[in-house]
Amino acid sequence: LVTAAVAAVAAQIAQTVTGARTIGFGLLAAAFAVRLVGDVAGVDALSWASPVGWVRLTRAFTGDQWWVLALFPAAAAALTVLAVRLAGGRDLGAGLLPARPGPAEGAPRLSTAVGLFVQLRLPGLIATTVAVGAACVGIGYASSTLDGLLDDSPMITSRLAPLAGSTLGEAFVAICLYLAGLGVACYVVATVLTLRRDETGRQAELLLATPTSRGSWIAGPLLIALIAPVVLLSVAGLAAAAGFTAGSARTDRFGAQMGAAMAQVPVNWIVAGGVVVLVGYLPRIAVAVAWGALAAAVIDLGLWELEVLPR
């Protein structure tokens, strides 16, 4: 409820979908960061300030503060009222923050389809990289406090330890980096599928009516889809390892944690290539097959890890 209301407010502030998405995800990342700092530092005021931390503050197994749940509909209602008021105070099709006009003449790099696509996607990639780095630093630092927390549970430690070393903190970092790899795969699929979106939206038709070749048209999304996993996963691994080292004063796991992140780069490259093939040979069902195959792979890996499927 709260995140939907935040999205409604962001839609009134920004003029474009990309701007609204950036504001929404930025606020969500900030809420996670505030909650993480509050939990790790033991500052309850910060945990109360973040909606992400309200569920923990219900203390279902210790204090039973059920009334905290009332904060969710209250915050959602307040943000919805704010969104309605903002909508009434802006022009139709505009946002409270107007889009800035670009330069009168484009840079030479924008004269190609590849350069134009990279220019359009680069701000989003930078914002995503910053958010991933900030989140992984907090995850790495928080994981350094987990060692010894579940020493009395041999079942849990025996299942988690093989993921990365012999401690619960290292295993937690490995799991989070694995989930980061899945998130990057979603980013890659969405980037390549912009080819199909441009096709159905007639943008590709207008572009290909110029001297632009089909190879140049495809090269832009494919280039971002190949670069993004390297950038995002290297930042995720570096940030998580730095956070873990800062919290535990251990440097011996730095290389292993970086390796756990970078090992997922080739898989994401294969995903990018597979989606390009789908768009080229099965364009009508490319979107459904691409997202369906990714979901099936995630479910299959989850069942394999839980030993429901044979190893």
Which residues share a salt bridge (Lys or Arg N to Asp or Glu O under 4.0 Å) with Arg121, sequence neighbours left out: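 With sequence neighbours excluded, Arg121 shows a salt bridge (Lys or Arg N to Asp or Glu O under 4.0 Å) to no residue whatsoever.
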
Mind checking what makes side-chain contact (heavy atoms from CB on, under 4.5 Å) contact with [X], not counting sequence neighbours?
| X | value |
| --- | --- |
| Ile270 | none |
| Leu182 | Tyr178, Leu179, Val298 |
| Leu195 | Val192, Trp217, Ile218, Pro221, Val279 |
| Ala135 | none |

Pairwise side-chain contact, Val81 with Val84, heavy-atom cut-off 4.5 Å (strictly under):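 In short, these two side chains do not touch, never coming nearer than 4.5 Å.
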
pair Tyr281-Val276: side-chain heavy atoms closer than 4.5 Å: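 The answer is no; the side chains never approach within 4.5 Å.
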
Atom pair CG (Leu122) and CD1 (Ile227), whose distance is rounded to the nearest 0.5 Å: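 It is 9.5 Å, given to the nearest 0.5 Å.
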
Distance, nearest 0.5 Å, that separates CZ of Arg284 from CG of Leu278: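 Between Arg284 CZ and Leu278 CG, I get 15.0 Å after rounding to 0.5 Å.
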
Let me check something: do [X] and [Y] share a hydrophobic cluster, defined by ILVMFWY side-chain heavy atoms less than 4.5 Å apart, either directly or through other members?
| X | Y | answer |
| --- | --- | --- |
| Val267 | Leu193 | no |
| Val130 | Leu27 | no |
| Trp67 | Leu69 | yes |

Backbone of Arg196 reached by a side-chain donor or acceptor of Thr200 within 3.5 Å: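 Looks like yes, one N/O pair under 3.5 Å.
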
Partner set under side-chain hydrogen bond (donor to acceptor under 3.5 Å, both in side chains) for Ser216, not counting sequence neighbours: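 side-chain hydrogen bond (donor to acceptor under 3.5 Å, both in side chains) list for Ser216, sorted by chain: Ser213.
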
Partner set under side-chain hydrogen bond (donor to acceptor under 3.5 Å, both in side chains) for Gln264, not counting sequence neighbours: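 Testing Gln264 for side-chain hydrogen bond (donor to acceptor under 3.5 Å, both in side chains), a comparison that skips the adjacent residues, returns none.
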
Could you give the side-chain donor-acceptor pairs of residues 2-10 under 3.5 Å, partners two or more places apart or in another chain?
none

N/O donor to acceptor pairs below 3.5 angstrom from side-chain atoms of residues 229-241, sequence neighbours left out:
{"from": "Ser234", "atom 1": "OG", "to": "Val230", "atom 2": "O", "distance (Å)": "2.6"}
{"from": "Ser234", "atom 1": "OG", "to": "Val231", "atom 2": "O", "distance (Å)": "2.9"}

Verdict with supporting geometry, Asn268 and Tyr187, side chain to side chain contact (heavy atoms under 4.5 Å, CB included): CA-CA 10 Å; Asn268 281 278; Tyr187 183 94; over 6 Å; no

Using a 3.5 Å cut-off and no angle test, enumerate the donor-acceptor pairs between side-chain atoms of residues 289-296 and protein atoms at least two apart in sequence or in another chain.
none

Test ring-ring contact (aromatic ring centres under 6.0 Å, His included) applied to Trp269 - qualifying residues, sequence neighbours left out: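 With sequence neighbours excluded, Trp269 shows a ring-ring contact (aromatic ring centres under 6.0 Å, His included) to no residue whatsoever.
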
Atom CG of Leu1 with >12 non-hydrogen neighbours under 6.0 angstrom: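 For Leu1, atom CG is not crowded (no more than 12 foreign heavy atoms under 6.0 Å).
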
Side-chain donor-acceptor distances from residues 113-120 under 3.5 Å, at least two apart:
{"from": "Gln119", "atom 1": "OE1", "to": "Arg109", "atom 2": "NE", "distance (Å)": "3.3"}
{"from": "Gln119", "atom 1": "OE1", "to": "Arg109", "atom 2": "NH2", "distance (Å)": "3.2"}

Closest contact, heavy atoms only, Pro266 versus Ala263: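 Shortest heavy-atom separation between Pro266 and Ala263 comes out as CD-O, 3.4 Å.
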
